[in-house]
Protein chains: 2
Amino acid sequence: MPTYSNLDLVKQCDRFPYPQEEPEAYAQKVAGYYKFHVESCDSVLGFILPATVKELQWPDVWKVDHDRKTVLLRGRTREERDENVATTLAAERERAHFKILSGWRNELYPVYGPDRSILVNIERAASVLFGIVTYGIHMTGYVKTDDGLKIWVPRRAKNKQTYPGMLDNTVGGGIASGETPFETIVREASEEASLPGEYVVKNAKSCGTISYFDIRDERVAPGGEVGLLQPECMYVYDLEVPADFVPRPDDMEAEDFRLLSIPEVQAAMANGEFKTNCALMLLDFFIRHGIVTPEGEKDYIEIVSRLHRKLEFPGA
Amino acid sequence: MPTYSNLDLVKQCDRFPYPQEEPEAYAQKVAGYYKFHVESCDSVLGFILPATVKELQWPDVWKVDHDRKTVLLRGRTREERDENVATTLAAERERAHFKILSGWRNELYPVYGPDRSILVNIERAASVLFGIVTYGIHMTGYVKTDDGLKIWVPRRAKNKQTYPGMLDNTVGGGIASGETPFETIVREASEEASLPGEYVVKNAKSCGTISYFDIRDERVAPGGEVGLLQPECMYVYDLEVPADFVPRPDDMEAEDFRLLSIPEVQAAMANGEFKTNCALMLLDFFIRHGIVTPEGEKDYIEIVSRLHRKLEFPGA
C-alpha cells in the first residue's frame, strides 16, 4: 500500500514543471507543443501534443503551421468558431480515432481570452486534446460534531468513465459554458447529494479557487491517450450541513456517502483512495480550517502555493 | 483620490514579472541581477542589484563573480556563515552608505536551503539587499455582529519607519530566526493589540499563506534605496474576538484601533489607505469568508493565484 505525503498528493495533479524552478525543463517542454490560437486573438489558449496534431484530421477552417508549431482556428465571430470546432469534432467522434472522444459529454467548455470574454466553446471530452483550461466546482459538506468536524464523502460508481470506485468530494462537477460557478454548485448539489437548492443558496460559502497543471496519465481513464495537458481551475465552496441530514446520490454517479472524521479522511488520502484532485480540495479545506498547520506540515508553503498555480493561459 | 481595484491592490505588492506570462521580460530581469549563493548549496537564495554589488564593500569571506553574476558567501557551517555576514553588515552599518541599514533592527532573518534547513541568518534591515525571502505573520481580528463581520483595524504610528500613518492588520510582524509562526502570532498579538496569550493560543486559526514578489519603491521608506527585491511569505491567521474586547496597542506601533464594517474596510482599501501587503491579507480574508466571490469579482482567479505566488527560492 503506498503512503502519500500531502506534497505527494499535490504533485499527482500539479505535474507540469515550474519555469522559475526548472527553466530548462520548462522551456523544453513548452517548445515541444503546438500552441492553440484562434483568429483575432494573440494569446496562446492551450498546448496541443504533436501526436494530436498529426492524428487529427484538420479541415481547412484550421491553419496548422509546423514551423511555428501553431494551430489556429479560423472564424471571425464566436459563433463561427463554435461551428467550426463542432464540425471538426463531430467528424472526429464519428471516425473514432481518439479514444478520449468515446467519453463524449454533449457539454461545451468555454475558452477565455485575455479580456475574460469567451472566444470559443469546445466539447468537454475534447478539451484535453487542445490543452485548454477547464473549470469546475468542488464543495465540501461538513458537520460540526462534539468530536470535531466530519466530512461527507461519497464513493464514485464503479462504472464511471473516470476514476471509477474512488472516493470523491461531497459535491463536484464541471462548469458548462454559460453557467456561473454558483449555479453549478446548486445544480450539482441537488443531483449528486440531494441537497435542497434553497439550503445550498443560503449556506454554501465561496472560499477561493484551486488551480494546477496536470499531465494526463493512465489513472484517469484506463486505455485512453496519455500525456495530454490539463490545466484546471476549481472554484471551492464549503457547506456546513445539519447533523441530521444524510446526503444521497440522485444520479447514480456515487455509490454511497459516508460521514468520515478528519483522521479517517487523512488516512484515505495517504492511501491514495481519493480521486486525485479531490485530495487537493481536501488539503485546501484542511489548511483553511487550521487542521493542517505550518508547525505540523513541513511542506506547508510549497503546498499552499502549488494549490493556487498561476496558469499559462488567459482565464475566466 | 485614487481608486484601486482588488487586482490593482495585488499588483502593488506582486510586481515581479511571471515567467509563464512574460517570458522575455522575466528572463531579462533575472539576467540583470547577481545571484546570492552560500558555500555548500547550489540553490539561488536571492537576487542582488548590480548597484548593491558595486557599492557594498565585500570582505574576502565573499566571492563576487562578475562574469557569472554570482555573489557567494563562504563558510562551511551555518555558524561561520552567520559570523561572516554579521561582520560584513556591521562594517556597512558603520560606514552608513546604504540608507536602508539605518533601519537596523537587531533581528535575524533566516535563509532556507532546499531541504528547509537554515543556511545562514541575516540582519532583518539588510534582507532586501540580498533579495532573500522574508517571512511574517498576519492575523485578522474580527467580531461577528448582527450587521455582519467587523474587523479591528489599527492605524500605524506616524513615526514608524515604514508606511507611517497607514492602516494596518489587527496583528502582524516578521518571524525572527528560531521562532515559529504560531509563537510569533502569540507574541505580536500581546505586543500590538494586548490580546491575552491564552486566548490567542486557544482561538487563533491558521488559514494558509500569502506570497508575492515585490520590487521596493519610495512608498516603503521615503528616501531609501529603490528597486530592491522583496519576495515575501506571510502566514495567515484568523481570530474571532469577543464583542466586548477592545484591542489597544502595547508598544506604540499603532495609534489606535477602530472596529470597521466590511464596506468601510473595502472603501479604505480602494482609497489606498492600507499598508500595501495588509490589503492583500484582507483580500484573502474576504475570499476565504465568501465576501469577495467569483460572481462579484471579475479578476477572482488571477487574484487568488497571485496571492499565493510560488517563489523562485527555496522556502521554509
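Heavy atoms only: backbone and side chains are in, while hydrogens, waters and symmetry mates are out. Chain letters run A, B, ... following the sequence lines, proteins first and then strands; every chain starts at 1.
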Just wondering, more than 12 heavy atoms not from [X] lying within 6.0 Å of its [atom1]?
| X | atom1 | result |
| --- | --- | --- |
| B/R116 | CZ | yes |
| B/D115 | CG | yes |
| A/Q28 | CD | no |

Quiz item: Between A/A27, A/G208, A/P23, which residue shows the highest count of heavy-atom pairs closer than 4.5 Å to chain B?
Solution: A/G208
Self-check item: Largest heavy-atom contact set with chain B, pairs under 4.5 Å, which of A/S206, A/A204, A/P19, A/S43
Solution: A/S206
Practice problem: Check ring pair (Phe, Tyr, Trp, His ring centres under 6.0 Å) between B/F130 and all other residues, then give those that pass, not counting sequence neighbours. | Solution: B/F36, B/W62
Practice problem: Report yes if the side chains of B/P181 and A/Y300 come closer than 4.5 Å at any heavy-atom pair, otherwise no. | Solution: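 Sidechains of A/Y300 and B/P181: no contact.
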Quiz item: Which bit of B/F182 comes within less than 4.5 Å of chain A, counting heavy atoms only: side chain, backbone, both or neither?
Solution: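 Both parts, heavy atoms under 4.5 Å.
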Quiz prompt | Proximal component of B/S211, with respect to chain A [non-hydrogen, under 4.5 Å] | solution =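 When you check distances to chain A, only side chain atoms of B/S211 fall under 4.5 Å.
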Quiz item: Taking only heavy atoms into account, what residues of residues 280-294 of chain A are found under 4.5 Å from chain B?
Solution: A/I287, A/R288, A/H289, A/G290, A/V292, A/T293, A/P294
Practice problem: State which residue, out of B/Y26, B/Y18, B/F16, fulfils the side chain to side chain contact (heavy atoms under 4.5 Å, CB included) condition with A/Q20. | Solution: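 Single pass found, and it is B/Y26.
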Exercise. Give me the contact list for residues 306-316 of chain B versus chain A, heavy atoms only, anything under 4.5 Å, ordered by residue number.
Key: B/R306, B/H308, B/R309, B/K310, B/L311, B/E312, B/A316
Quiz item: Quick one: salt bridge (Lys or Arg N to Asp or Glu O under 4.0 Å) pairs with a partner in residues 196-210 of chain B, sequence neighbours left out?
Solution: none
Quiz item: When rounded to the nearest 0.5 angstrom, what is the spacing between CD in A/E295 and OH in B/Y235?
Solution: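 Result: 8.0 Å between the selected atoms.
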Practice problem: Identify which part of A/D238 has an atom lying under 4.5 Å from any heavy atom of chain B, answering side chain, backbone, both or neither. | Solution: neither
